[in-house]
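Hydrogens, waters and symmetry mates are skipped; everything else that's a heavy atom, side chains included, is used. Start at 1 and go down the list; that is how both ligands and their atoms are numbered. Quick caveat: nothing in here was measured; it's all calculated off a predicted structure.
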Amino acid sequence: MDLYVVLGLPHEATESDIKRAYRRLARRFHPDINPGDRAAELRFRQILDAYETLMDPERRSRYDSGGSAVSDRRPSGFEGFDFSAHGLDPSATFGDLFADVLMDRGTGRLAPERGADLHQDIVLPFEEALSGATRALTVTRRESCRACAGSGQTRATAGTCVECEGSGAVRSVRGHMVFSRNCPSCLGSGQPRPRPCAPCGGLGQETRTEPVEVRIPPGVASGDRLRVAGKGNAGARGGVPGDLYVSVHVSPHPVFRREGDDLHVVVPVAIHEAALGARIDVETPEGAAKLRVPPGTQSGQRFRLRDRGAVSSRGGRRGDLIVEIRLMLPHVLDERSKELLREFGRINGESVREQR
Ligand SMILES: [Zn+2]
Ligand SMILES: [Zn+2]
């Protein structure tokens with residue numbers, strides 16, 4: 001029998017290839033997973049033999065050069081599996097073999113897992129986005145179970161395991177083979193197995209709906225995302241919880257339009273104000289402000305009021321308020337105004353066309 005074929009490997013397989021193949025096959029054929037299955041037992045023994053031979057550089061090179069593949073350990077026909085004789089941790093049951101999928105390579109323990117992040121949307125009136133606010137969101141999240149403090153189990157009770165009478169091991173006889181393995185009831189501890197926590201069904205987590213206060217900093221804009229640390233789902237096996245992300249949507253304002261941290265406002269100006277110059281009222285987020293419009297101001301011309309825009313939510317400089325002038329013609333109804341405008345036209349008509 002070709003040892004490489006047993007492990008499903010090519011002859012140039014590396015040590016880590018061999019380890020990987022062994023782990024993969026052990027998960028399928030380990031006697032603990034296939035109790036009473038003779039074929040699986042024999043198959044596992046071949047896998048173990050191949051693994052041990054190929055992992056030992058000296059034995060592997062002897063095998064590769066056509067030497068004996070027979071392993072040099074004592075025959076074990078009547079003793080069943082004595083795992084320690086195979087250089088395996090005797091407590092290495094299928095649970096351990098599977099566990100390495102989730103295993104933290106550093107500590108050799110089941111790795112804690114961070115909880116998932118949660119996402120919510122929030123709609124804010126324009127003014128509140130500028131001034132900042134506090135909002136209580138209703139969040140449904142997975143939390144550590146209060147009954148079992150997240151362990152998923154009731155606390156271990158005192159006494160001895162009835163299955164193994166406290167020894168932690170059970171022996172079974174199959175044909176002429178005697179097996180000794182960890183007690184499946186207490187997993188080798190010898191104590192009664194802790195029962196799964198009833199309120200959470202052993203998951204260690206429960207779903208809770210609760211208010212979460214979100215502080216909205218002044219100056220947030222549509223598309224901003226706020227992070228509330230630790231208010232996502234609880235982590236597994238002692239892992240840290242995820243975060244809650246709140247996406248901000250700001251309602252439009254009837255007067256102001258936001259562009260970056262600048263605010264834009266359109267202000268109507270009468271023809272005589274634009275022509276002669278004037279001090280006009282401009283609406284700002286903090287109320288009215290005065291703006292001096294110089295003589296000869298054109299429609300569409302813009303003026304900048306420094307630091308009267310939105311507070312930067314990123315902590316930078318405050319934006320400006322950009323005032324756009326819109327010339328409004330009066331509704332001329334009375335004869336006197338009409339006469340003045342005709343006169344105005346006679347004097348200034350040419351001058352307007354020259355400016356183009
Ligand atoms: Zn619980
Ligand atoms: Zn037991």
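Taking the ring centroids of H30 and F44, they lie under the 6.0 Å cut-off.
With respect to the salt-bridge test (charged N to carboxylate O, under 4.0 angstrom), the residues R208 and E206 qualify. The pair R43-E41 does not count as a salt bridge, with every side-chain nitrogen at least 4.0 angstrom from each carboxylate oxygen. In this structure, R304 does not pair ionically with D307, as no charged nitrogen and carboxylate oxygen lie closer than 4.0 Å. Looking at R59 and E52, no side-chain N of the basic residue comes within less than 4.0 Å of a carboxylate O on the acidic one, giving no salt bridge.
With the Zn ion (ligand 1) as the vertex, SG (C200) and SG (C197) define an angle of 100°, rounded to 10°. Rounded to 10°, the angle formed at the Zn ion (ligand 1) by SG of C145 and SG of C148 is 100°.
Protein contacts to the Zn ion (ligand 2) involving N, O or S atoms at a distance below 2.8 Å are C161 SG, C164 SG, C183 SG, C186 SG.
A distance of 8.5 Å separates CG in L130 from CD in E286, rounded to the nearest 0.5 Å.
Cation-pi geometry between R174 and F179 is met: under 6.0 angstrom from the ring centre, within 45 degrees of the axis.
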